Number of protein chains: 2
Amino acid sequence: MRSTEYTDQQEQIARIAKAMGHPARMRILNFLAAQDSCFFGDINEVLPIAKATVSQHLKELKDAGLIQGEIEGPKVRYCINRENWELASRLFRSFFKELKEKPTCCE
Amino acid sequence: MRSTEYTDQQEQIARIAKAMGHPARMRILNFLAAQDSCFFGDINEVLPIAKATVSQHLKELKDAGLIQGEIEGPKVRYCINRENWELASRLFRSFFKELKEKPTCCE
DNA sequence: AATATTGTTCGCAAATGTACGAACAATATT
DNA sequence: AATATTGTTCGTACATTTGCGAACAATATT
């Protein structure tokens, strides 16, 4: 068939997975999911990389929709984007579920 | 604290997520999860890219542990690696679950 | 034995990702 | 007003990823 396009599902989950595809970004997500206070400085403190790089990673997570940030005085507060977090959760869940319906494969 | 290392959990899920972070590889996984016959040629047929590139993507998925391949005559049969698929499923599920235990964040 | 089929590997080009320090902008503090 | 704090953006360097065609290796077929 060789269709030129990928499905929205495939694009969507790939986009989220890609954002999760770096240990620094996973640590950020873990941290945000566990903490209530989540200023940039707090995040920066738990990562072994320069703040410029942390800022970049945060941008990628924000672009993927997994987090959001808002300015608060001179600081910036970052949070998990709960709506998209739920969406992502459902996407991955149903993706992995696909196989469970099949008894065996390739035999 | 600024630890130099990331946790095994973070490394592990990042590795899997990275492998899932491309629509072509998601299509491959979807295809393999749905099909019983899964020769290279079948996979190649449903992707809009050259076979050399398909082969590369398959290698990445194999290195990440999500699929496996075995030679069968002149053909190569690819399958989901069910054990690691289950592992990945659990990893993602518990990762996304983290947030559910917290009532609200950042307010 | 010669040829066809099936995938992988090689070599290359272009794009993207990762990381850093320096410079910058915006708000707080003195 | 001058200075300090907080993050982002810029410019750069290097590594990795993605993609392709050509060449290759291995098995099948004629």
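Order of the sequence lines sets the chain letters (A, B, ...), proteins ahead of strands, with each chain counted from 1. Predicted model only: the values in this text are computed from it and were never measured. Because only heavy atoms are used, hydrogens play no part in the values below, and waters and symmetry mates are left out as well, while side chains stay in.
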Quiz item: In residues 51-62 of chain A, what residues come within less than 4.0 Å of DNA chain D, judged by heavy atoms?
Solution: A:K51, A:A52, A:S55
Quiz item: Can you tell me which stems DNA chain C forms when a stem means 3 or more consecutive Watson-Crick or G-U pairs under 3.5 Å?
Solution: C:1-30 with D:1-30
Quiz item: Which pairs count as side chain to side chain donor-acceptor pair (under 3.5 Å) when at least one residue sits in residues 86-95 of chain B, sequence neighbours excluded?
Solution: none
Exercise. Walk along DNA chain C from 5' to 3' and tell me the first and last nucleotide with an atom closer than 4.0 Å to a non-hydrogen atom of chain B.
Key: C:dT6 to C:dT9
Quiz item: Of the non-hydrogen atoms in B:R27 and B:V46, which two are nearest, and what is the gap between them?
Solution: NH1-O, 2.9 Å
Quiz item: Can you tell me if A:T53 and A:Q56 form a side-chain donor-acceptor pair at under 3.5 Å?
Solution: no
Quiz prompt | Residue whose closest nucleotide on DNA chain C lies nearer the 5' end, A:K18 versus A:G73 | solution = A:K18
Self-check item: Which atom of B:C38 lies closest to which atom of B:C79, heavy atoms considered
Solution: SG-SG, 4.2 Å
Quiz item: Does CD in A:E60 sit with more than 12 non-hydrogen atoms of other residues, nucleotides or ligands closer than 6.0 Å?
Solution: yes
Practice problem: Count the heavy atoms of every other residue, nucleotide or ligand shown that sit under 6.0 Å from CD of B:E72, and state whether that count exceeds 12. | Solution: yes
Quiz prompt | Residues that A:V54 engages under side chain to side chain contact (heavy atoms under 4.5 Å, CB included), provided they are two or more places apart | solution = A:F40, A:I43, A:N44, A:L47, A:I49, A:L58
Quiz item: What are the two closest heavy atoms between A:E98 and B:A33, and how far apart are they?
Solution: OE1-CB, 3.8 Å
Practice problem: Hey, could you give me each pair passing salt bridge (charged side-chain N to carboxylate O under 4.0 Å, His left out) that has a residue in residues 6-17 of chain B? Not counting sequence neighbours. | Solution: none
Quiz prompt | Step-by-step salt bridge (Lys or Arg N to Asp or Glu O under 4.0 Å) determination, B:E70 to B:R77 | solution = CA-CA 5 Å; B:E70 56 183 283; B:R77 184 185 287 281; over 6 Å; no
